[in-house]
Structures are given as structure tokens and as C-alpha cells.
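Below, chain A is the first sequence line, B the second, and so on; all start at residue 1. Side-chain atoms are counted along with the backbone in the values below, which use heavy atoms only and exclude waters and symmetry mates.
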Amino acid sequence: MNAILNYLKELFGGIKTLLTGMKVTGYYFVHPKEIITQQYPENRKTLKMFDRFKGEVTMPHDENNQHKCTACGICEINCPNGSIEVISKQVEKADGKTKKELDVYIYKLSMCTFCGICIKVCPQDAITFSQGFEHAVFNKEKLIKTLNKPGSSLKEKVKEVKEVIE
Amino acid sequence: MEDIIINENQIKQEEYIVNMGPQHPSTHGVLRLKISLKGETVEHIEPHCGYIHRGIEKMCERLTYQQIIHLTDRLDYLSAHTNNEAVCLLVENALQIEVPERVKYIRTILDELTRLASHQLWWCAFGMDLGALTTYFYGLRDRELILDIFEETTGARLLQSFNTPGGLMNDIHPNFIKKVKEFIVHFRKKLPEYDELLTGNVILRERTNDIGLLTLEEAISYGVTGPSGRASGFACDVRKHHPYSAYDKVDFKEILYTKGDCFHRYKARVEEMWESMKIIEQLIDNIPEGDYAVKMKPIIKLPEGEYYQRVEAARGEFGVYVLSTGEKYPYRVKFRSPNFSNLSAINKLGAGHKIADLVAIGGSLDLVIPDIDR
Ligand code: SF4
Ligand code: SF4
């Protein structure tokens, strides 16, 4: 007799716990809005990433196609994965002096681990992270990027302008 | 027709060896378990590691201390922030640098958020291991909110690399405090749902009660730490016994259970989520003003000697050992990863149970394989 009672108790107890769980799932069945997080890629047009999101390293250029990179190479030394290669060239200035300038800034996205060290150590703040995250390409070579735009040049530093004023 | 007479003694009871993994969904990664079976009962389990070995410890020997940090993310990727912190604390202690109070508070809050996110993911994966697919959506919904907080402040959802020797990479985002508070309010309402859905569920109870028993002595001798060890009564919470960052300023309970079966490991983690929320609530309103980092030399050199630092990651005690010869690179780095020790107990836990219970046992240990292989 006791065995049957126990059996029934366990049976109904079990069903009760299942119903408790189903109460929660039932609630969300009629309130689907509360369980959905994001509907990517349907929301692709309106999706805005956070400003600090580490998408890929980029070099911002201003309207005169000028960047701030002095080709010092600090970011290259500090990158743990060797994903940056700074190639500089010697340029002859109007006053006859030669000066080191940035020739090509190669960034290998495929080797970058988005640690952010390069951006932190850059003394000129010449590079930043952009927010794009859809990096998939069909060809590995496409992940090797040149960050300085063709024909770009070094922005005159604010400090130098100050000296002129003085 | 003649009856076939089977002589019981003629059937040789043979051990049957099967491989579980490396591509088995319930091993949560590329872990291979070689299982000797007798019928459906597990006789012996032999874990084979190394499928995702990347030689991180060796790589560290050619990296500066700042660069090492981004590799520790890739050990236990679900406690990335905590692992970062271990290396930073080691460097700071070795150089005897006192970081600002603000840094300590922010680190502790992020630690606990990491733990919450990790336990949430464990909860949904554990439910799914046992056949409750629904839990996956519910856990990920809440985890998403934490990941958004991380993304806004640190710039990454999973591998944050937000710590740096001497402080943090960046200050917290202006929205951080508001969002964390909103999350705590939200999650305090939602965590009881976890209990309703899974904890009381008769199927979960039947499949976890008395499965995979680990006694206190065994937990200590295998070095099982974290919630898995505490479920056996092993008081091993580094936050409580060797406080770092701001853990000495907060009041929280170390969750201890005694039985050490799968269900108690489950309970220990769910209870820890409540404690984590309590810790965050105590700190979030009192983040002191100040710098988010102290200025460090561009090249960090540790004085000659051996250093060890441990922190409490989501799965147990994570330790970093560094042998320095005074160079800018460490001479030797060794990580004490909690998952490796936790995995070592799996034969003890699984032997004698049915093969289906092995899934529950593996799930209750909450293994992250890249942390085992390094
Ligand atoms: S990006 Fe910055 S650190 Fe790198 S070479 Fe240019 S100026 Fe130097
Ligand atoms: S983010 Fe890190 S890995 Fe990527 S280029 Fe910069 S320093 Fe190198």
C-alpha cells in the first residue's frame, strides 16, 4: 500500500515540477518580445556597435588626406603577433634635409588578436579601432590591408604650428 | 527447431572501448575521453588532452609582460578578465606598485560580472546536456546583457584584454554604472526563473542526485577547486582566503555543500550567482574617483626571482607562476589552470556509472578545454 502511495506521490510531484517549468516557458510563448536578444542580420541597417568596439585597426585621415603617423614603428615593436609592418621612406624636404616618412602601413587582420596594445602605445594617436565586424572574405590575401590611403601625407603637428606663431 | 542453449560461462565478458570526443558536443570542446565499458557501465575513463594545444606557456617566454596578458584571455575564455588580472597582479606585486582604489573596485566588479556570465553559460549548457534545450535561450538572454556591458566598456565581448600592468586600458564607460545596476535589478527577477525551470525539475533531479560523488578527501587530493570543489565541502575560495583587489572590502558567503554529487555542484554555481550579485551591489555605488592606471615604464622588467599569483576564476583557482631572470621577457611561465585539475578527477567521478551519466558529470564540472590544453 505504502509503495503505491509513494509511487503516486512521486508521479504527481514530478508532474508538478514539470508544470512549474512549463509555466515559465508558457509565459514566454505568449511574450516572445521578452526573450529575443537581437535579430541579426535582419537588423543590419539599424545595428550600431559601441564606440569602443574593437573591430579592426584603422588609420583615420582628415579631409586633406593627411594622417598623423610618423612611422616611428613603436606599434610594430609592441604588437605581440607581428601583425603590423611599418615601411618608411626617406623624403627630401624643401630645405634640403631628408626626413623619414611613412611609405606603407601594412596591417594583417588575419593575425591580429585585437589586444589594443598598438593603439595604446602610439604616441601620435594615429591609429584607432573601427567598428566594422564583418570580416569574412573568400581570399586570405584580402585580410592584408594597407592602412594609409594612396597619396596621403603626414599632418603638420599642432606643436609645430605653435612654434611658427611664436 | 533445436533450442540454442547458451552457457553463461561461454560468453566472455569483454571490455568494450569507445571514444567520446574529440568532436562530441557534450565534451564542450575538443576533449577525448577513452572509455572502457562493460555493457553500459563505465569501467574506466582516460582523458586524452592536447587537441587544442597552442604552446601558450612557451610563447610567453618570448613576450613582454604586457603582451602575455592577451594570451591569458585564450586559456579559459569564459573568465578572460580574471585571468588577465592574475598576470597584472603578479607584475604589480613583484614591482610593489600600489594601484589606485578605483582600479581595484572596477576590476572586482568586472570579475564578478565575468563569473556571472560564465555561470549563466554553464547553466544553459548544463540544461542542454541533459536534454533541456529551452534553458539555452533563457541563459543566453541574460548573458547578452552582461556582454553588452563588457562591449561598451572594454570593447570586446569575450576576450577583453582590459587589464594592463598598473591598471586598466581605459576608464569605464559613462553608462557602465547605470547599466550594471539595471542588470542586477533585471537578473534578481530572472534568477528565480532558473530554479523554476531546471532546479526543481524532476528529470534534472533524477539525473544528477547521487551521480558522480566526490568526497572531500578526493577533492583535495585531486586539487578540484572552484564550485566543483566547494560542492564537496572543500573551502577553497581564493577570494575569501587570500583576498585580492577589493574582495577584502566586501561581505559575501563562501558557498559550501557537502555531498559532492552533480546536483550539489549545480546548486553551488546557482548560489554563487546570488553571491556575485551581492558583491557587485556593494561596490557599484562606491567606486572611488581617481586614475584608471598608474604610469608604468614602457619596458617592464621584473626583478630576478620566482613569483606566484592566484585568483579565483569562474571554474576554480587560476594561478600564474613566473620565473624571472631580470629580463623584459620571463624565463618560464606556468599556468595552474583549474580545469586541468578538475578533469583529473573524472575517472573517480565517472567509474561505475552509466555512460549517459558521464554527460551529466562532464557538464557539472564545467570544463573549458582550451584551458586544459593551453
Ligand atoms: S601608428 Fe603610431 S606608433 Fe605606429 S608608426 Fe605610426 S606613429 Fe608610430
Ligand atoms: S591590436 Fe594587438 S595584435 Fe592587433 S595589431 Fe594591434 S598590437 Fe597587434
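- Between B/Glu61 and B/Lys58 there is a salt bridge, with a side-chain nitrogen of the basic residue lying less than 4.0 Å from a carboxylate oxygen of the acidic one.
- A donor atom on one side chain and an acceptor atom on the other are found under 3.5 Å apart for B/Thr199 and B/Tyr266.
- At a 4.5 Å heavy-atom cutoff, the contact between A/Asn81 and chain B is made by side-chain atoms alone.
- Only the backbone of A/Ile77 comes within contact range of chain B, with at least one heavy atom under 4.5 Å from a heavy atom of that chain.
- Between the side chains of B/Ser337 and B/Arg374, at least one donor N or O sits under 3.5 Å from an acceptor N or O.
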Please walk me through it: do B/Asn175 and B/Glu152 pass side chain to side chain donor-acceptor pair (under 3.5 Å)? CA-CA 8 Å; B/Asn175 288 344; B/Glu152 198 170 34; 3.2 Å; yes
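- The number of heavy atoms from other shown groups lying within 6.0 Å of NZ (B/Lys301) does not exceed 12.
- Neither the backbone nor the side chain of A/Lys16 comes within contact range of chain B, judged by heavy atoms closer than 4.5 Å.
- For the set B/Leu198, B/Asp148, B/Asp142, the count of heavy-atom pairs under 4.5 angstrom toward chain A peaks at B/Asp148.
- Using a cut-off of 4.0 Å between Lys/Arg side-chain N and Asp/Glu carboxylate O, B/Arg107 and B/Glu92 are scored as salt-bridged.
- Taking chain A as the reference chain and counting heavy-atom pairs below 4.5 Å, the highest number among B/Gln66, B/Arg74, B/Met59, B/Glu151 is found for B/Glu151.
- For the set A/Val121, A/Ile119, A/Thr113, the entry with the most heavy-atom pairs within less than 4.5 Å of chain B is A/Thr113.
- Top candidate by heavy-atom pairs under 4.5 Å with chain A, chosen from B/Glu193, B/Glu144, B/Glu206, is B/Glu193.
- Chain A forms more heavy-atom pairs under 4.5 Å with one residue of B/Thr164, B/Thr134, B/Asn170 than with any other, namely B/Asn170.
- Comment: B/Arg207 does not engage B/Asp210 in a salt bridge, judged by the lack of any side-chain N to carboxylate O separation of less than 4.0 angstrom.
- Proximity to chain A is limited to the side chain of B/Leu63, based on heavy atoms less than 4.5 angstrom apart.
- With a 4.5 angstrom heavy-atom cutoff, A/Lys54 touches chain B via backbone and side-chain atoms both.
- The closest donor-acceptor contact from the side chain of A/Ser130 to the backbone of A/Thr58 lies at 3.5 Å or more, if one exists at all.
- When heavy atoms are compared at a cutoff of 4.5 Å, B/Ile203 approaches chain A solely by way of its side chain, counted from C-beta outward.
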